[in-house]
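Notes for the one structure printed next.
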Amino acid sequence: MDSEERLQDWRHLALRLEGEVAKALIGQPQTIRLINVALFARGHVLLEGDVGVGKTTLLRAFARAIGGEFERVEGTVDLMPGDLVYHSHVDARGRPRIDPGPLLRHGERLVSFFFNEINRARPQVQSLLLRAMAERTLSAFDREYRFPHMTVFADRNRVEREETFELTSAARDRFMFELNMPTPGARDVRRALVFDTAFHDTDHLLEQVAPAILPWERLNAVAAQVQRSVHASDAIERYVLALWQASETPQKFGIRLDGVDMERLILAGASPRGMSALLRAARTLAWLEERRHLEPGDLAAVLPAVLGHRIFFTPVYELHRAELSQALLAQIMDKIAVP
């Protein structure tokens with residue numbers, strides 16, 4: 001089987017994955033698509049939204065459909081870094097034991113790591129996870145553990161602020177996507193969520209999702225092949241470089257935001273890693289839509305999720321990051337000429 005046929009087969013699997021996850025959650029097709037893009041671009045995902053919109057259900061559905069070993073950690077204020085690495089307990093004979101913790105116990109078979117309410121965990125815990133995400137390795141018990149197939153899914157409660165710890169810029173930069181999962185607005189979806197009892201039993205919903213539909217041990221190789229198969233024209237390259245420059249000095253492109261001193265807004269624009277993530281995500285989206293070339297729409301579809309948390313504002317504006325980053329990216333996409 002040649003490479004094109006392999007990619008076609010994997011595209012069918014990727015689209016099937018979306019269909020399976022959609023059995024557990026309605027009204028979120030865009031969120032499902034973007035998480036799927038991140039998975040096949042081999043990036044991590046941070047999901048935020050109001051309480052009770054289905055963030056945990058969505059991520060559990062993806063973990064079930066992907067297959068491989070799955071671990072889940074609940075973010076709490078008393079969680080310590082060692083809790084991710086080892087588990088101490090007393091065995092049946094009354095003897096103390098130390099066993100590998102959630103990050104290590106499955107070794108290279110760990111595929112999905114779900115950190116629930118990550119902003120409740122202390123910065124020391126977030127820092128440990130940061131290395132695991134960046135390098136997919138961790139040193140413990142006098143050896144190095146590798147989990148090359150791991151994707152980290154985390155969610156963040158944006159409503160409660162007590163006993164929470166905001167992620168550092170470095171930690172957020174490790175996530176390919178930072179996605180906002182909205183409360184569904186369509187009347188038929190709202191009616192189904194409230195009156196259809198099928199949506200009241202999360203465990204039953206997850207049982208409808210077919211388990212382990214992907215040969216997960218081949219995800220890295222397929223993702224690399226996807227990147228090689230989708231090409232960018234010279235015009236697209238110029239467009240991307242203009243987007244990058246606009247993230248650093250938006251005022252030079254005539255971008256203005258009401259009530260904002262544009263000369264004092266940006267502390268740092270998108271990094272090379274951020275722009276690389278943008279291209280990886282856009283190529284993956286083009287592949288899912290059966291194209292071998294990038295289009296401006298591919299970039300526009302993923303740009304807010306990739307760069308929204310990677311443009312850093314000066315302290316006076318950082319408190320209003322959520323609204324300012326959305327407005328700035330919208331202006332950048334509006335002002336930069338589309339090829």
Side-chain angles (χ1 to χ4, degrees), residues 6-7 9-10 12-14 16-18 20-21 24 32 35-47 56-75 79 81-89 91 97-116 118 121 125-155 174-177 203 206-227 280 284:
R6 279 197 299 270
L7 285 182
D9 290 343
W10 271 88
H12 293 322
L13 282 174
R16 184 188 169 197
L17 177 66
E18 290 186 11
E20 292 296 330
V21 172
I32 292 173
I35 292 177
N36 204 27
V37 167
L39 174 67
F40 281 90
R42 306 310 296 133
H44 308 292
V45 177
L46 178 62
L47 192 63
T56 301
T57 300
L58 173 61
L59 297 180
R60 286 177 64 192
F62 261 103
R64 176 178 170 86
I66 294 167
E69 298 295 343
F70 165 70
E71 282 290 344
R72 174 176 174 173
V73 171
E74 300 295 325
L79 188 71
D83 295 329
L84 302 183
V85 179
Y86 62 85
H87 171 57
S88 59
H89 63 101
D91 65 17
R97 287 182 56 89
I98 296 179
D99 294 329
L103 263 178
L104 308 184
R105 66 170 56 106
H106 301 296
E108 295 190 5
R109 294 186 59 81
L110 178 60
V111 175
S112 300
F113 188 87
F114 175 29
F115 204 124
N116 192 34
I118 190 173
V125 178
Q126 297 173 8
S127 295
L128 178 69
L129 185 65
L130 174 69
R131 176 185 170 182
M133 292 168 59
E135 303 175 13
R136 290 186 168 94
T137 64
L138 200 63
S139 298
F141 305 115
D142 296 323
R143 58 167 288 193
E144 184 175 75
Y145 288 78
R146 298 180 64 253
F147 13 85
H149 310 291
M150 180 185 71
T151 301
V152 172
F153 300 106
D155 71 1
R174 298 299 181 182
F175 289 97
M176 170 174 276
F177 284 164
D203 290 336
L206 292 172
E207 288 174 358
Q208 310 309 307
V209 178
I213 66 174
L214 294 180
W216 52 265
E217 65 279 2
R218 295 171 55 200
L219 266 174
N220 289 337
V222 169
Q225 192 174 343
V226 167
Q227 295 302 307
R280 293 205 321 273
T284 304

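By the 4.0 Å N-to-carboxylate-O rule, Arg72 lies close enough to Glu74 to be salt-bridged with it.
Counting heavy atoms from C-beta outward, Trp10 and Phe40 have side chains that approach closer than 4.5 Å. You'll find the side chain of Leu103 stays beyond 4.5 Å of the side chain of Tyr145, heavy atoms only. At a threshold of 4.5 Å between non-hydrogen side-chain atoms, the residues Glu20 and Ile66 do not count as touching. In this structure, Leu129 and Ile118 have side chains that are in contact, with non-hydrogen atoms separated by less than 4.5 Å. Annotation: side chain of Arg64 is not in contact with side chain of Val21 (no heavy-atom distance under 4.5 Å). Contact check for Phe70 versus Val111: no side-chain heavy atoms found under the 4.5 Å cut-off. With a 4.5 Å cut-off on side-chain heavy atoms, Ser112 and Phe153 count as touching. In this structure, the side chains of Val73 and Asp83 stay at 4.5 Å or more apart for every pair of heavy atoms.
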Verdict with supporting geometry, Val45 and Thr151, side-chain contact (heavy atoms from CB on, under 4.5 Å):
CA-CA 8 Å; Val45 177; Thr151 301; 5.5 Å; no
Is there a side-chain contact (heavy atoms from CB on, under 4.5 Å) between Glu18 and Ile35? Walk through the geometry before answering.
CA-CA 9 Å; Glu18 290 186 11; Ile35 292 177; over 6 Å; no
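Considering every non-hydrogen atom in both Arg105 and Glu71, the closest pair reads NH1-OE2, 2.9 Å. Shown here for Val125 and Pro81, the closest heavy-atom pair between the two residues is CG2-N, 3.6 Å. The two residues Arg131 and Glu144 have their closest heavy-atom pair at NH2-OE2, 4.1 Å. Smallest separation of non-hydrogen atoms from Ala24 and Thr57: O-CG2, 3.9 Å. Considering every non-hydrogen atom in both Pro148 and Asn220, the closest pair reads O-ND2, 3.0 Å. Closest approach of Leu79 and Ala121 over heavy atoms only: CD2-CB, 4.4 Å.
Distance CG/Leu110 to CE/Met150: 6.0 Å, rounded to 0.5 Å. Note that the OG1 atom of Thr56 and the CG atom of Leu47 stand 8.5 Å from one another [nearest 0.5 Å]. Atom CZ of Phe141 and atom CG of Asp99 lie 8.0 Å apart (nearest 0.5 Å). To the nearest 0.5 Å, the span separating NE2 on His44 from CZ on Phe175 amounts to 8.0 Å. Interatomic distance, Asp155 CG to Leu58 CG, rounded to the nearest 0.5 Å: 10.0 Å. Here the straight-line distance linking atom CZ of Phe115 with atom CD of Gln126 works out to 7.5 Å at 0.5 Å rounding.
In this structure a side-chain-to-backbone donor-acceptor pair under 3.5 Å is missing from Glu69 to Arg109. Under a 3.5 Å cut-off, the side chain of Arg42 and the backbone N or O of Leu39 do form a donor-acceptor pair.
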